[in-house]
Each structure stands twice: as C-alpha cells, then as structure tokens.
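Here's the structure we're looking at; comments come further down.
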Amino acid sequence: DVKVTQSSRYLVKRTGEKVFLECVQDMDHENMFWYRQDPGLGLRLIYFSYDVKMKEKGDIPEGYSVSREKKERFSLILESASTNQTSMYLCASSLLGQGSIAYFGPGTRLTVT
Amino acid sequence: DAKTTQPPSMDCAEGRAANLPCNHSTISGNEYVYWYRQIHSQGPQYIIHGLKNNETNEMASLIITEDRKSSTLILPHATLRDTAVYYCIVRVRVTGNQFYFGTGTSLTVIP
C-alpha cells in the first residue's frame, strides 16, 4: 500500500516562528504536492515538485517555501508564521504521467496564535 | 479560473444510487478526470479516474460524456459511510501535472 506520512497531526505555533512541515512517501513517486485546506475554499495548491531539488509554485505560494533534497521527502516551510496561515495542510504524492493517482497524507492541522 | 464545477451539496437515501455531476467544459483532449472524496478531518481518498471511456471499480462508476465536458460519479448503493465531500478534478497538464481541486460536493446519505 502507498503510504504518505506527515510529521504531525496537530501543531500550534506562535506568530513569527519558523515552521517546518514534513512529508514522506514510500512509493518512489516523482511528484509531491503541498495543499492547504480552508472552509469554503476547498484544497488550494501551494507548491509541488516533480523531482529532487525541483519545485514549482502553485496557486498560493506567498509566505511559503519548500525543500526537496531527497526523493521521498518534501518539506513545507513557513518562514515567519502568521495567523492567516492557520489551516489544514495536506501533502500528496504521485508518479509522473497523466494517468497516475495522487495519494494523500492524513493532514496537519496548524494553528498560529 | 475554475476548472471544474460541482453542486455544493446533495442528499441521497441509503441504499439508493448517488449520482454526482461535474462540469469540466475546458478540458483538453489528454486530460484525465479524477474523483476523490474526503471524510471529515482526513486526507482525500482516491475513488476513480478516466480519460474518455466509462470506468467502473469496486467503489464507483464514472460516466464521461462523449464531448468530455462533463462527467458523473455513481455510487451504486450509497451507505452512511459514503457521507463525505466529493471532488471532481481535471489534472492540468500544461502547467505541470498538478491536481487542481474545487470546493466539491458535500454528499449526505440519509438513513
């Protein structure tokens, strides 16, 4: 079974802190994605990566950065957390190719106070 | 710009078929249609996907119109555990293989 794990299910951070959210997949997938989910807005793509050290901006990259040093790991970084980044963060991975399936992790609910 | 359009909510009686519609009028010829669902506070779960032909698996059936501008997800015998938000997604090839989610349809299965 494909497994996508995220470092924390719940996280509470203070405004201005640097926050790292980590995602690990065990299926040798090339693609990895970070989304955030807010009530009424659905899932919005923050960043994605199709290879090690490669990254592409999604719809809402402002205030975030990412790192992919190893194929199985994709990190989302909030350089200086703000209250408007309180959200559910979801990681996903997939093989390259149009017909591949994206598998999601359980999500991290981040609260910035 | 929206890539898919779904009704915000639907109800279905337990044991009946649930038919969830999706419009994707700007779909390109080589873009797949995917369906996912999300139960509260969990990550989205893959259901089914297709390109041109109708598809069926153990969870659902996917009916894609001949012009590919719309599709319908069918849950043949809905159960209470099928209560979830269902997302119809067109995988965008031009900008790099992302999965773009809309706001989905909240399906409530009624006993």
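We name chains A, B, ... by the order of the sequence lines, and we start the count at 1 in each one.
- Counting non-hydrogen atoms of neighbouring residues, nucleotides and ligands closer than 6.0 angstrom, the NZ atom of A:Lys71 exceeds 12 such neighbours.
- Closest approach of A:Leu41 and B:Thr103 over heavy atoms only: C-CG2, 3.9 Å.
- For A:Gln6, no part lies under 4.5 angstrom from a heavy atom of chain B.
- Here OH of B:Tyr36 is found 7.5 Å from OH of A:Tyr103. Values are rounded to the nearest 0.5 Å.
- Interatomic distance, CD1 of B:Ile47 versus CD1 of A:Ile101, reported as 11.5 Å (0.5 Å rounding).
- Counting non-hydrogen atoms of other residues, nucleotides and ligands closer than 6.0 Å to CZ of B:Arg16 gives a total of 12 or fewer.
- Expressed to the nearest 0.5 Å, how far OH of B:Tyr46 lies from OG of A:Ser100 amounts to 10.0 Å.
- Residue contact with chain B, scored on non-hydrogen atoms closer than 4.5 Å, involves the side chain of A:Leu90 exclusively.
- Only the side chain of A:Leu45 comes within less than 4.5 Å of a heavy atom in chain B; its backbone stays farther off.
- B:Gln38 touches chain A through its side chain: at least one heavy atom from C-beta onward sits under 4.5 Å away, while N, CA, C and O do not.
- For A:Arg44, no part lies near chain B; criterion is any non-hydrogen pair under 4.5 Å.
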Determine whether B:Phe101 and A:Phe104 satisfy the following criterion, ring pair (Phe, Tyr, Trp, His ring centres under 6.0 Å), listing intermediate values before the conclusion. CA-CA 13 Å; B:Phe101 285 72; A:Phe104 282 80; 5.6 Å; yes

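- Note on B:Ile74: it does not cluster hydrophobically with B:Leu107, by side-chain heavy-atom contacts below 4.5 Å among ILVMFWY residues.
- With rounding to the nearest 0.5 Å, the separation of CD in A:Gln37 from OG in B:Ser41 is 9.0 Å.
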